[in-house]
Amino acid sequence: MPNSNACLCVALDYEDRRSFLATVKNFEDLDLVVKIGLRLLPKLRTEDFEYLKEQGIPFFIDAKLYDIPSQVKSAVHAWAKLGASYLTVHLSSGRSVLMAAQEAAKQTDMTILGVSVLTSMDDAELKELGVEANCKKQVRRLVSLGLSCGIKSFVSSVAEVQAIKEIVPNAFCVCPGIRLAGESQHSDQKRSYTVAEAVSKGVSMLVVGRSVYQADNPRAVAKKIISEIS
Ligand code: C5P
């Protein structure tokens, strides 16, 4: 069943500011969200966020915060002030952090995205951390915790969307691990889904990185994905 409310988020995991700005300039009239992660973040300047804001390009700061409540609260205020639309916080940071993040974000237009279990983790790695639950069970537990703190937007793999929606029926589900039809999956993706599969599973925001920014024409690929989504 197509989900026409889904949107595209392009993860611009460039190493340098110049490539980022060149691509973003080509995206000005496209209906998409730009994700800025830990690789690019140290290379950008305050004026770059102001530029995105002026151009009306929503941006997602993938900082994956995991700190004490006062620090997270300040980070939420700071990123909201710079105009970010989304900011990630690890759900495993615990209740006091999540409450602080959500409370701080309530006074802004920014949405806190709760990161469940990283896609790089498996049951064995969880066990090593003292977590007896398997990945799926741990995602459910973390999502329930997030919900009890007022968080309704989550980052997970496409495989976990159904489980999340059983707990939060109207959850905003953000999922990486998407490849284009006909494209083979990237070597660090354990299991990837096509755009059509992700949409049919109810993903709200499809995060696509290398397939777009490493393409010869990122704008054309982004446009193709947007038309496929809608
Ligand atoms: O794989 P791709 O380049 O499309 O990745 C887009 C985003 O998905 C990255 O910015 C990263 O945050 C996330 N990712 C992930 N797990 C992986 C690979 C990528 O969460 N194994």
Side-chain angles (χ1 to χ4, degrees), residues 6-17 19-20 23-24 27 30 32-44 52 57-66 79 84-92 111-126 135-136 138-139 142-143 153-161 163-164 172-199 201 203-226 228-229:
C7 68
L8 170 65
C9 171
V10 178
L12 292 178
D13 295 325
Y14 288 118
E15 301 277 353
D16 66 294
R17 175 173 179 262
S19 305
F20 168 76
T23 300
V24 155
F27 284 170
L30 299 185
L32 50 74
V33 175
V34 162
K35 180 166 95 73
I36 299 162
L38 295 175
R39 194 187 298 172
L40 180 67
L41 214 42
K43 313 280 173 68
L44 297 187
L52 292 171
I57 301 173
F59 62 95
F60 163 177
I61 299 298
D62 195 7
K64 295 193 173 71
L65 299 177
Y66 190 119
W79 281 116
S85 296
Y86 304 94
L87 176 69
T88 43
V89 178
H90 275 287
L91 292 168
S92 53
T111 300
I112 297 296
L113 302 177
V115 178
S116 58
V117 176
L118 293 174
T119 58
S120 57
M121 293 201 83
D122 56 18
D123 297 349
E125 278 199 38
L126 280 178
C135 280
K136 209 159 213 164
Q138 184 65 359
V139 169
L142 291 172
V143 166
S153 304
F154 304 98
V155 182
S156 73
S157 79
V158 178
E160 283 131 17
V161 168
I164 292 174
F172 185 77
C173 292
V174 178
C175 300
I178 314 285
R179 65 185 158 80
L180 310 187
E183 182 186 47
S184 55
Q185 72 179 26
H186 298 291
S187 59
D188 60 353
Q189 288 173 343
K190 287 191 177 127
R191 193 168 168 221
S192 56
Y193 293 78
T194 63
V195 172
E197 285 168 342
V199 171
K201 287 190 183 292
V203 175
S204 321
M205 186 153 81
L206 289 74
V207 181
V208 187
R210 287 162 291 185
S211 305
V212 175
Y213 77 82
Q214 288 181 350
D216 290 339
N217 187 343
R219 179 186 163 85
V221 178
K223 272 185 91 168
K224 191 165 174 278
I225 299 173
I226 292 167
E228 212 180 315
I229 288 174

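Both counts, for ligands and for their atoms, begin at 1 and track the order of listing.
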Heavy-atom side-chain proximity of F60 to S85 below 4.5 angstrom = no
Give the atoms of ligand 1, by number and element, whose distance to some non-hydrogen atom of R210 is under 4.0 Å.
-> 1 (O), 2 (P), 3 (O), 4 (O)
Which segment of L118 sits under 4.0 Å of ligand 1 when only heavy atoms are counted = neither
D62 heavy atoms, cut-off 4.0 Å: which ligand 1 atoms fall inside?
-> 12 (O)
To the nearest 0.5 angstrom, please state how far the CZ atom of F154 sits from the CD atom of E160.
-> 12.5 Å
For G209 and ligand 1, does the shortest N/O to N/O distance drop below 3.5 Å?
-> yes
I178 side chain reached by T194 side chain, heavy atoms, under 4.5 Å = no
Considering only heavy atoms, does D13 approach ligand 1 within less than 4.0 Å through its side chain, its backbone, both, or neither?
-> side chain
Residues in ring-ring contact (aromatic ring centres under 6.0 Å, His included) contact with F20, at least two apart in sequence or another chain = none
Hey, does V89 have a side-chain heavy atom less than 4.5 Å from the side chain of V115?
-> no
Record the part of R179 in heavy-atom contact with ligand 1 below 4.0 Å; permitted values are side chain, backbone, both and neither.
-> neither
Going by heavy atoms in the side chains, are V24 and I57 under 4.5 Å from each other?
-> yes
Under 3.5 Å between some N or O of ligand 1 and some N or O of S211?
-> no
